[in-house]
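Here's the structure we're looking at; comments come further down.
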6 protein chains.
Amino acid sequence: MPHVEITWVEGRSPEQKRKIAERVTAVLIEDGKAKRENIHVCFHDVPAANYAEAGVLVADQKRAP
Amino acid sequence: MPHVEITWVEGRSPEQKRKIAERVTAVLIEDGKAKRENIHVCFHDVPAANYAEAGVLVADQKRAP
Amino acid sequence: MPHVEITWVEGRSPEQKRKIAERVTAVLIEDGKAKRENIHVCFHDVPAANYAEAGVLVADQKRAP
Amino acid sequence: MPHVEITWVEGRSPEQKRKIAERVTAVLIEDGKAKRENIHVCFHDVPAANYAEAGVLVADQKRAP
Amino acid sequence: MPHVEITWVEGRSPEQKRKIAERVTAVLIEDGKAKRENIHVCFHDVPAANYAEAGVLVADQKRAP
Amino acid sequence: MPHVEITWVEGRSPEQKRKIAERVTAVLIEDGKAKRENIHVCFHDVPAANYAEAGVLVADQKRAP
């Protein structure tokens, strides 16, 4: 703890996740005074048809995820 | 916000998710006084072997998900 | 299953939650073909200082939750 | 309710999930005084590149998940 | 990882949570082949008016949580 | 989307949450190529008796959360 869950539309690379996990962990150490060994970061990738914003599926929107 | 997460056994179609996302968003606007642009709805599809009710995996039950 | 989690800023009444739970359950029966007895709806109320949109805490925004 | 979500790196078998769901359900009945028919257990399997501990992706660690 | 989240109606004691956390951790070590130091168990206590089963708030049901 | 949930033991200040929300949002824009207006960050504060690491409640450990 802290435990971080990031839910987004699939499509990001392992390299993006590697950098985001490192940087989010650093933020929680610096500003949240958490201990590195206790911090978990988990990414939930979901299809564009599984995420809606303002009632509209991302799959139905004309935009990058 | 509000953020809605719906976790269920996989098998529903994009069309079902489209309708459910629209209707759940409408409910939150009408009865929750939330603003449309702030509402997120996310579906987590899991295999039938990943969900248990009353201690029994859905995969081991004789029923539609 | 389905299991529904609704996370939002605190402030809605039990009556609002009662109506939203009923209506969301009906949507999942009608459009998700789920069985009533398997549907759970859970509300997570969080303080306005615990939710950020576009990087800004709701507590720091000039608006109703 | 209770609703249990177990998030881990993918790789466990249906048989492991079957046993864990049964045993976790039994623990909640015995020590949590919950009713069997209300208990849900859900497993979220994520790729090793989607889970970081202490800022390092499991995929980048030299270990079994 | 694994990370376990247990969401239920408030009312269980710290002693119940202590026992459940220990036993669930043991189950994940024995049947999930997870390492003790990586296992997190988190309890989300919610009011009876925040949890609905089959469309009915627990607060409106005539039963122990 | 992305939606970020950070679960930790209660005790951090609104100022800590303000900074963490800003910095995590910036990380997701820079490294996740997400749009600012779609990013939500939510903090779940739980009591020390509600979070266990390696089977031991934080409340029973001799350490800062």
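Proteins come first, then strands; the chains are lettered A, B, ... in the order of their sequence lines, and each starts at number 1.
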| said: side-chain contact (heavy atoms from CB on, under 4.5 Å), that's the test. Do D:E22 and B:V56 meet it? Break it down for me. | reply: CA-CA 7 Å; D:E22 277 170 19; B:V56 179; over 6 Å; no

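Summarising the geometry, atom CG belonging to B:L57 is positioned 7.0 Å from atom CZ belonging to D:F43; distances are rounded to the nearest 0.5 Å.
Under the side-chain contact (heavy atoms from CB on, under 4.5 Å) rule, B:N50 has a single partner from D:R12, D:H44, D:K17, which is D:K17.
Nearest heavy atoms, D:T25 versus B:A54: CG2-C, 4.2 Å.
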